[in-house]
Amino acid sequence: MHYPTLQHYLSRLQSALSDSQLWLDEQGRARGRYFNASLSTAFQAIRSGQDQQVIAYEAYARSFDPTDQGLNVWRLLEFVANDEESVELDRLCRLLHTMNFYRQSGVRQLDLYLSVHSRLLAAIEGNHGMAFRRILDVLELPHQHIILQMPAATASQRWVLAHVVENYRRNGFRVGVNAANLEQAIDLLQRVRPDAIKIDIYAANRPELQISLLEQAERAQCQVIFKRIEQQEKLEALQNSHGTASPFLVQGFLFDIPAAELPVTYSFTQPLPRAVYAQARPSA
């Protein structure tokens with residue numbers, strides 16, 4: 001590990017009891033507790049669309065499961081936590097994800113994507129980004145490698161989205177957005193000026209708009225991520241319809257399933273076995 005302040009903090013967590021809000025388990029992974037749910041982190045790679053080289057990981061909050069097949073924590077708590085409690089849960093998850101990412105080796109040049117839940121757009125008040133930035137500064141972790149990923153916003157949430165994005169930018173974070181379709185992706189690119197745009201591959205089925213988005217994003221130095229790549233045919237279709245040299249990124253079960261531990265070395269050669277893919281699908 002290259003972050004001694006984080007290592008010192010984690011060593012203090014080793015003596016914490018499992019009924020506290022944060023502790024380390026037997027594998028050295030940071031765990032959390034909220035509403036009597038035991039929280040853990042799972043990571044999925046974000047890769048280059050051409051050679052599948054890993055350039056980032058996205059973190060997911062999961063209920064703890066020794067096989068990394070825990071349930072989505074936000075789905076479990078969505079109807080339990082109010083807005084204030086959702087903000088608290090968001091902060092806990094960010095700290096948990098950040099510690100579990102930077103405690104591992106080989107992540108120094110990789111980006112970390114942390115999602116902002118849709119309920120938080122309306123709940124966030126004040127300088128929310130500063131609170132997270134202060135935590136990173138105390139732990140001496142690189143905020144410039146963290147992308148805060150906004151949820152897909154409705155038309156009525158446009159001004160809230162712009163406010164939250166600006167808040168995070170003032171605190172030195174890069175910002176990603178989710179788009180429902182290619183038209184919205186182009187609109188967000190021009191209006192919000194994000195550092196990354198994520199779009200479902202099944203919503204990116206118009207090659208001329210896809211190419212336009214990629215060309216505009218390259219000029220704006222914005223990364224475009226096509227998610228839910230689950231079949232080799234989808235990857236090949238995306239690569240073959242790509243009539244421009246503009247880069248793009250991919251993410252999905254075709255390449256890997258979310259897991260607590262990052263592989264020391266990983267190269268994509270073949271799709272996941274069908275049995276593994278079937279097991280992974282419900283929890284991601």
Side-chain angles (χ1 to χ4, degrees), residues 27 29-31 39-76 90 93-94 96-117 145-152 174 176-179 195-204 223-232 234-235 238 248-284:
Q27 289 75 38
R29 298 176 294 191
R31 299 259 299 278
L39 313 180
S40 62
T41 305
F43 298 100
Q44 187 176 43
I46 297 174
R47 301 167 178 271
S48 162
Q50 295 299 333
D51 60 12
Q52 285 74 67
Q53 180 180 355
V54 175
I55 59 93
Y57 281 92
E58 180 173 0
Y60 299 94
R62 294 287 188 259
S63 62
F64 176 73
D65 182 272
T67 64
D68 288 342
Q69 298 300 309
L71 300 175
N72 184 313
V73 168
W74 285 103
R75 291 180 183 174
L76 287 174
D90 174 66
C93 288
R94 286 190 197 180
L96 194 68
H97 297 335
T98 303
M99 291 191 300
N100 278 325
F101 185 70
Y102 285 108
R103 73 175 178 82
Q104 303 190 56
S105 60
V107 302
R108 199 169 185 84
Q109 301 304 317
L110 299 176
D111 290 334
L112 173 62
Y113 281 71
L114 300 176
S115 293
V116 175
H117 192 270
H145 281 293
I146 292 179
I147 295 92
L148 297 177
Q149 188 171 267
M150 302 296 106
R174 287 186 285 160
V177 295
N178 278 274
D195 299 281
I197 294 177
K198 185 177 284 189
I199 183 169
D200 194 310
I201 186 61
Y202 293 93
Q223 296 177 321
V224 178
I225 305 165
F226 295 101
K227 66 180 181 179
R228 287 189 64 199
I229 309 292
E230 301 173 345
Q231 301 170 337
Q232 181 70 23
K234 284 291 183 183
L235 176 63
L238 180 62
F248 63 96
L249 306 178
V250 291
Q251 179 183 14
F253 288 145
L254 176 65
F255 313 107
D256 48 17
I257 63 176
E261 298 294 329
L262 306 181
V264 177
T265 58
Y266 194 104
S267 60
F268 169 70
T269 55
Q270 296 292 333
L272 287 171
R274 185 174 298 275
V276 175
Y277 167 72
Q279 181 185 23
R281 191 178 181 91
S283 64

Calculate, to the nearest 0.5 Å, the distance between atoms [atom1] and [atom2] belonging to [X] and [Y] respectively.
X      : Y      : atom1 : atom2 : result
Asn178 : Ser115 : CG    : OG    : 7.0 Å
Lys198 : Ile147 : NZ    : CD1   : 10.0 Å
Leu39  : Cys93  : CG    : SG    : 5.5 Å
Ile225 : Ile46  : CD1   : CD1   : 4.0 Å
Ser105 : Leu262 : OG    : CG    : 8.0 Å
Ile201 : Leu235 : CD1   : CG    : 8.5 Å

Pairwise side-chain contact, [X] with [Y], heavy-atom cut-off 4.5 Å (strictly under):
X      : Y      : value
Tyr57  : Gln44  : no
Leu254 : Gln232 : yes
Pro151 : Val116 : yes
Leu148 : Ile146 : yes
Ile55  : Leu249 : yes
Phe226 : Gln251 : no
His97  : Tyr102 : no
Arg29  : Glu261 : yes

inquiry  = Does this structure show an ion pair linking Lys227 with Glu58, if we count only N-O contacts that are shorter than 4.0 Å?
reply    = no
Ring centres under 6.0 angstrom apart (Tyr60, Phe43) | no
Polar contact flag, side-chain donor to acceptor under 3.5 angstrom, Gln53-Ser48 = no
With side-chain contact (heavy atoms from CB on, under 4.5 Å) as the criterion, how do Gln223 and Phe248 come out once you've worked through the C-alpha distance, each side chain's angles and the decisive distance to 0.1 Å?
CA-CA 6 Å; Gln223 296 177 321; Phe248 63 96; over 6 Å; no
Can you give me the closest heavy-atom contact between [X] and [Y], atom names plus distance?
X      : Y      : value
Ala56  : Leu110 : N-CD2, 4.3 Å
Ser63  : Ser40  : O-OG, 3.9 Å
Ala59  : Leu114 : CB-CD2, 3.8 Å
Ile257 : Phe253 : CG2-CD2, 4.0 Å
Asp256 : Ala45  : OD2-CB, 3.1 Å

Given the rule in the side-chain contact (heavy atoms from CB on, under 4.5 Å) test, do Arg174 and Asp111 qualify, once you have shown the distances and angles that lead to the verdict?
-> CA-CA 10 Å; Arg174 287 186 285 160; Asp111 290 334; 2.6 Å; yes
Residues passing the salt bridge (charged side-chain N to carboxylate O under 4.0 Å, His left out) test with Asp195, sequence neighbours excluded, are none
